[in-house]
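Here is the structure we will look at, set down as C-alpha cells.
Just so we're on the same page: letters track the sequence lines, and every chain starts at 1. Any value given below was found using the heavy atoms of this structure, including those in side chains, with hydrogens, waters and symmetry copies removed.
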Amino acid sequence: MDKVYAPHELERRIYERWESHGWFAPRGEGAPYCIVIPPPNVTGTLHMGHAFQHTLMDALTRYHRMRGDDTLWQPGTDHAGIATQMVVERQLNAEGRKRTDLTREAFLERVWKWKEQSGGTIASQMRRLGDSVDWSRDRFTMDPQLSRAVVEAFVRLHEEGLIYRGKRLVNWDPVLLTALSDLEVQSTEEEGHLWHLSYPFENGSGHVIVATTRPETMLGDSAVAVNPDDERYRHLIGKSLRLPLTGRLIPIIADTYVDPAFGSGCVKITPAHDFNDYEIGLRHGLAQINIFTPRAALNENVPERFRGLDRFEARKRIVAELTDAGLVARVDKHKLTVPRGDRSGAVLEPYLTDQWYVKIAPLAEPAIAAVEQGRTRFVPENWTKTYFEWMRNIKDWCVSRQLWWGHRIPAWYDEQGKPYVGRDESEVRSRHGLAGNVTLRQDEDVLDTWFSSALWPFSTQGWPGKTPDLAKFYPTSVLVTGFDIIFFWVARMMMMGLKFMGEVPFRDVYITGLILDENGDKMSKSKGNVIDPLDIVDGIELEPLIAKRTSGMMQPQLASKVEKATRKQFPEGIAPHGTDALRFTFAALASPSRELRFDLSRVAGYRNFCNKLWNAARFVAMSAGDPGPGASVERSAAASQPAELSVADRWIRSRFGRMVGTVETAFRDYRFDYAATALYEFTWYEFCDWYLELTKPVLQASGPESASEAAKRGTRLTLVGILEALQRALHPLMPFITEEIWQRAAPLAGRAGPTVMLERYPSPADFPTDEQAEREVAWLQAFILAVRQIRGEMNIAPSKRIPVLLKGASVRDEDYANRHRSYLERLAGIDTLTVLDPGTQAPQSATALIGELTVLVPMAGLIDAAAEAERLGKLLVKAQQELAKTRVKLSNENFVRNAPAAVVTTEREREADFERQVTSITAQLERVRGMLNA
RNA sequence: AGUCGCGUAGCUCAGUGGUAGAGCACCUCCUUGACAUGGAGGUGGUCGGUGGUUCGAUCCCACUCGCGACUACCA
C-alpha cells in the first residue's frame, strides 16, 4: 500500500467495478427497502445541497443493502418545465432569436437536444459521489411511461370532478406569460408609496378618500367599499362616485373586509386585479374589468390615451393627471410586499384567465389524516406542524402553464371551445360521440412540473400498470429532502399517493437541513459563494475557481466583488479532499438543525481521518504479514491453530461491538452525525491511539520479553478481524476507501467475497461486551495517562525512559502492573516499575492518583521542583473546587432526602475521592515546596 | 399577524434534570520503524437575560432581549 492515501485514482476504478457488476440493483430477496431520489433538473448540475442529501440517501441505501434488505435507490431526473425552457430560450436569445420565431415542434426538438447534451452531467456527478443507485431503472419525468402516468392521473382526477377548468384570478407572470401556482410566488418586501386619492360623488357634493399602493389599477375600479359599522361612512353606502379619469359611475358598498382603522377606511375595489377585491366583487356582483394585456400593458378597457402603456409607465401618467386635477390628497411612503415570480423575478399580476385547477381539499384531507395517524412520520418531528399548517389552509392548485416544455394537457376543444378530457383524441371522440368531422384542437398548455413530480414514487415503478416493482417498493421506506419543498413536493406526493395507490408514498420523511456557506449565507450564483462539490473532491486552482464563479452570471456587474471575495476566501484555491472525506463531512454535519454551515476545514479534518485509516490499514497489513492484494484465503487455515486473546484483543472487540450498536441506533434515528462521531472516535481514539499501540509490545518484542506464538496469533487475528469489520462498519459513509482496504483485509481475516458493499453489516452480537477487559484496559489507560501527564507537563523528552514507583497498590493494582508491564513500558515510556512496601520512604517525586493508587515519578535529574509545584497547584485548586461543590450538595438535607439514592451515593463517593486528592496533593505540594526552600 | 427554529469555548456545532463536550484554531514538547494529512500534553465556557418549578436547571415553564426561516396579509 502507498504511504499516503490518494483517493482520486481508486474512486473511479472502484465505482466502475461496482456498476459494471450490477451490484446496485436490488438483490431480489429480503425485506424491501426503497428510496426514490428527489429528481434533479435534467439539465442542471448537482450543488452542495444535492451532494449532502445524496450522501445520506446513499448511506441509508448501502446500510440497508448490507443488512440484507432488498434495497433499491431509484434514480431519475425531472424535466423542470419553466427552468429548462428558460435556459433554452436564453440560448436562443443569445443567437438573436425568440422562442416564438420557431414552431412549437422545432422548439421542443431543441429542448430535447439540450437535454440529451447536458443530461449526463448529473449522472456523472452522482457516480463521482459514489451514489449506489440502480442505473438500469433510471427514469425521466417525460419518459413515455411516466407521461402515460401523468395523463392517467389527470383523466381520473377530472372524471371524479377533482380537476376543473375555471376563469378566475391567477398569479400571472407578464414576462414568462404563464400562470403560476401560489407556491411559485416569492413575496418580497419593497419600498413603495401609499397614494390617497379623492373620488368625487356623482352629484359633486364632495368626495371620499381612498388609499392605494397601485393607483394605475383605479381604471379598473368597480366600487369603493367601507365597513358597514364605520360611523363615518355609514350614511354614504349606496351612493355613487364618479371615477376620475374615466367618468365611470361606481357605487359605495359595505363589506366587513374593510378595516376602518387602516388608511382612510375607504377601499377602492378592483375585482379583476386584486385577490381580495375579486372575492368582494363576487359577493357584491361587481363588474370584473380587466385593464391589462398579458404583458401587463393597459388594454382597450381604459381611456384611449392610456392604452398600450406599460403598467409602471401608466402609474406615473395617472398619478400625474390626478395630481394636476387636485385629486391626490396625500402620498405616504409605504412598505409593501410585492409578489414576484420565483423563476423570472418579474412582478406578478393577479390576472383573469382560464386555467385548469386541482380541487385540493378532498385530496388534502386523507393526507392530513395519514400523518395524524402516524402512517407517515416526519423526522425531525417538528416539521409535522409545518405540514399541517399548510395542508389545512391549502387552496386549489392551478396546474396549467402557458409553456411549451412539459406534459401537454390531455384536453381537446371543439370549435365552440368546449373542452373534452381523455387519454387521447380517439378516446375523447369515442367517449363523447364526436364524429370524425368535428374538429378537435388539443389544449396548448402544459402541466405544472410538480404535477408529474407528485406521482414520482409510483410512476417510477410502472404505474398505472400493476407491476411487481410497484407491489414490492411502494410505499417507499423514506423520503430524504429539504424543508424548502415540503409544500411543493412532499405534500403533493402524499395527496396523489393516497389518491391513486390508496397508501402513503413513504413511511418516513427525513427533512435535512439546508447547506449554507461558512458565513451562514445561502449558496447562490449571484452571491458568488457557490462551491461545486466535485471541486472539493478533486480540488481546483484559484483562477479556474474564479472563472467558474464569475461566468454566466445574471448580474455581471457583481463579478469583481465575487472575485475579490473568492481570492480572500480561497487564496490557494481548494485542495483535493476525495469523495469519502466529503461524504463523511456531510454525515457529521447532519444534525437535526435546520441550517448547516459548511466549513472546508472540517473536510480537511476528515480527509486526515481517511489518511489515518489508510495508515492503520498499512500497519495491520505489515503486522499480519500481508502477502499482497489478491492473495488466496489459505492463510485463514492458520486461524485453526491455537490462538490466545490478550486483554487488549478482548477489549477492542468489546469496544467495537458497542460502537456498532451506537451506529445502528443512529441509523435508525437518522442521526448520521452520531453515526459519524461514533465511527470516528472508535477508529481514531480506540483502534489507532490505543489498540494498535497495545499490539506493538506483543508483535514487535523479541528475545526473552517476546510473547508466545499463540498470543501473537490471537493479536494478529484480532487486528485483521477488527480492521476488516471496521471497513464494513464505515462503508455506508465512506464507500471507496473502505472497499480498497477491505480488498486487502478480507483475505487476511479469512473472508471471501467480491466486494465489501455486499457483505453483511457488522452486528453487535458478534462482538459481545467484555466488562472485565474494559475495566482492565481502563485501568491501563488511566495509569498511562497519569504518567504521560507528568511527562508532558514536565517536558520530559519522549525518548527518555523513566522509573516509576507505586504506593498504596492494592493486590489488583499489583497484579495489573505486573501483567501489563510491557504495555506500561512501551506506552508510558517506563524504565523500571517498583512497588513500594508500606512504610517505605519514597524519594522526592511527581505524583498522580489513580483511585487509591499513587504513581510516583522520581524527580531526581528529571523534574524541576518549581514546575511540579505549579502543576500540583493547578490540580489542587480543581480538586478543592469540586470538593466544595459536593460538600454543599451533601450538606443540603433536602438533597440527601429527595434525590435518588444512587445519585447521593455517587456524590458521597466523589466527596471521598476529592478529599483523598486534596489531602494527597496538599502533602505532596508541601514536600515539593520544601525542596524549593531547601 | 401566525407557525417554527436558533442563541453553549476564539470559530462551527453536538448535548444532558445531577462531573459542561467535539472538530477547527491556539500554546508547549516530539520527526520513536502505520500515519507530521502525525504523536504526547495543555489553555480556553457565570451554556443570551430575568423570574419560576425542583433537593438540584445549560436542560422544563413564563417573560424578555437578539437573530433567522416559513406562511398569510397590510387597500
(message) Between B:rU31 and B:rC59, how many Å separate the two P atoms, rounded to a whole number?
(response) 48 Å
(request) Ignoring backbone atoms, establish whether A:Asn898 has a side-chain N or O less than 4.0 Å from OP1 or OP2 of B:rC55. (result) yes
(request) Using atom types as modelled and distance alone, determine if a side-chain donor or acceptor of A:Arg791 lies under 3.5 Å from a backbone N or O of A:Lys800. (result) yes
(message) Strictly distance-based, threshold 3.5 Å: is any side-chain N or O of A:Arg232 a donor or acceptor partner for the main-chain N or O of A:Pro260?
(response) yes
(request) Ignoring backbone atoms, test whether A:Lys696 places a side-chain nitrogen or oxygen under 4.0 Å from the OP1 or OP2 oxygen of B:rA34. (result) yes
(message) Please confirm whether the ring centroid of A:Phe672 lies under 6.0 Å from the ring centroid of A:Phe586.
(response) no
(message) Using a 4.0 Å heavy-atom cut-off, does A:Ala616 contact any base of the nucleic acid, only the sugar-phosphate backbone, or nothing at all?
(response) base
(message) In this structure, is the centre-to-centre distance between the rings of A:Tyr680 and A:Trp684 below 6.0 Å?
(response) yes
(message) Whole angstroms only, please: what is the CG-C1' distance between A:Leu589 and B:rA22?
(response) 13 Å
(message) Can a donor-acceptor pair be found, under 3.5 Å and without considering hydrogens, that links the side chain of A:His196 to the backbone of A:Ser264?
(response) no
(request) Determine the Euclidean distance between corresponding C1' atoms of B:rA40 and B:rC35; express it in Å to zero decimal places. (result) 15 Å
(message) Can you check the distance between B:rU16 and B:rC47, where both ends of the measurement are the C1' atom (answer in whole Å)?
(response) 12 Å
(message) Using a heavy-atom cut-off of 4.0 Å across all strands, would you classify A:Tyr674 as base, sugar-phosphate, or nothing?
(response) sugar-phosphate
(message) Check this for me: does any side-chain nitrogen of one of A:Asp332 and A:Arg330 sit under 4.0 Å from a carboxylate oxygen of the other?
(response) yes
(request) Take atom CD of A:Glu9 as the centre, draw a 6.0 Å sphere, and report whether it contains more than 12 heavy atoms from other residues, nucleotides or ligands. (result) yes
(message) With a cut-off of less than 4.0 Å, is there a side-chain N or O of A:Thr386 near OP1 or OP2 of B:rC70?
(response) no
(request) Kindly point out which of B:rC13, B:rG23, B:rA34 is positioned nearest to the side chain of A:Tyr685? (result) B:rG23
(request) Could you tell me the separation between the CG atom of A:Asp332 and the C1' atom of B:rC74, rounded to a whole number of Å? (result) 14 Å
(message) If you assign A:Arg594 and A:Asn795 each to the RNA chain B nucleotide with the nearest heavy atom, which residue ends up on the more 5' nucleotide?
(response) A:Arg594
(request) Please list, by residue number, the residues of residues 871-884 of chain A whose heavy atoms come closer than 4.0 Å to an atom of RNA chain B; answer none if no residue qualifies. (result) A:Lys878
(request) Counting heavy atoms from C-beta on, name the nucleotide in B:rC70, B:rC73, B:rG39 closest to the side chain of A:Trp684. (result) B:rG39
(request) For the side chain of A:Met622, starting at C-beta, report the closest nucleotide among B:rG15, B:rA34, B:rG41. (result) B:rA34
(request) Could you summarise the pairing of RNA chain B as dot-bracket text, marking Watson-Crick and G-U pairs under 3.5 Å with ( ) or [ ] inside the strand and | across strands? (result) (((((((..((((....[..)))).(((((.......))))).....(((((..]....))))))))))))....
(message) Suppose you measure atom P in B:rC4 against the same atom in B:rG10; what distance do you get, rounded to whole Å?
(response) 32 Å
(request) Give a yes/no on whether any side-chain N or O of A:Ser593 is located under 4.0 angstrom from OP1 or OP2 of B:rA14. (result) yes
(request) Give a yes or no on whether a donor-acceptor pair under 3.5 Å exists between the nucleobase atoms of B:rA34, that is its base, and the side chain of A:Glu693. (result) yes
(request) Verify the contact: side-chain N or O of A:Gln789 to OP1 or OP2 of B:rG42, cut-off strictly under 4.0 Å; return yes or no. (result) yes
(request) Side chain of A:Phe487 only, please: which of B:rC4, B:rU37, B:rC70 is the nearest? (result) B:rC70
(request) State which of B:rA69, B:rG23, B:rA34 makes the closest approach to the side chain of A:Tyr680. (result) B:rG23
(message) On the nucleotide B:rA72, are OP1 or OP2 found under 4.0 Å from the side-chain N or O atoms that A:Arg392 carries?
(response) no
(request) Using a heavy-atom cut-off of under 4.0 Å over every strand shown, decide if A:Val896 touches base, sugar-phosphate, or nothing. (result) nothing
(request) Answer yes if the side chains of A:Tyr199 and A:Asp221 hold a donor-acceptor pair under 3.5 Å, and no otherwise. (result) yes
(request) Taking A:Asn227 for its side chain and A:Asp259 for its backbone only, find out whether a donor-acceptor pair lies under 3.5 Å. (result) no
(message) For the backbone of A:Ile737 and the side chain of A:Asp580, can you confirm whether one donor and one acceptor N or O come within less than 3.5 Å of each other?
(response) yes
(message) Salt bridge check, A:Arg916 against A:Asp913: does any charged N sit closer than 4.0 Å to a carboxylate O?
(response) yes
(message) At less than 4.0 Å, is any side-chain N or O atom of A:Arg791 found next to OP1 or OP2 of B:rG41? Yes or no.
(response) no
(message) B:rU19, OP1 or OP2 - any side-chain N/O from A:Arg910 closer than 4.0 Å?
(response) no
(message) Of the listed nucleotides (B:rC74, B:rA14, B:rU37), which one gets closest to any side-chain atom of A:Thr337?
(response) B:rC74
(message) Work out how far the P atom of B:rG52 is from that of B:rA25, and round it to whole angstrom.
(response) 44 Å
(request) For nucleotides B:rG48 and B:rC6, find the distance between their P atoms and express it as a whole number of Å. (result) 12 Å
(message) Taking only the P atom of each, what is the distance from B:rU19 to B:rU12 in whole angstrom?
(response) 27 Å
(request) Could you tell me whether A:Arg910 and A:Glu882 have a side-chain N and a carboxylate O separated by less than 4.0 Å? (result) yes
(request) State whether A:Arg887 and A:Glu911 are salt-bridged, where the test is any N-O pair (Lys NZ or Arg NE/NH1/NH2 against Asp/Glu carboxylate O) under 4.0 Å. (result) yes
(message) Side chain of A:Asn276, heavy atoms from C-beta onward: which of B:rC24, B:rG68, B:rC73 has the nearest atom to it?
(response) B:rC73
(request) Measure from the side-chain heavy atoms of A:Glu595 and tell me the nearest of B:rC55, B:rA69, B:rC29. (result) B:rA69
(message) Please classify the nucleic acid contact of A:Leu336 as base, sugar-phosphate, or nothing, using heavy-atom distances under 4.0 Å.
(response) nothing
(request) Compare the minimum distances between each of B:rA34, B:rA14, B:rC55 and the side chain of A:Pro900, then state the nucleotide with the smallest one. (result) B:rC55
(message) Quick check for you: among B:rC35, B:rU12, B:rU3, whose closest atom lies nearest to any side-chain atom of A:Lys612?
(response) B:rC35
(message) I'd like the C1' distance from B:rG51 over to B:rA9, given in whole Å.
(response) 27 Å
(request) Pick base, sugar-phosphate or nothing for A:Cys266, based on heavy-atom distances below 4.0 Å to the nucleic acid. (result) nothing
(request) Indicate whether OP1 or OP2 belonging to B:rG56 is found under 4.0 Å from a side-chain N or O atom of A:Asn894. (result) no
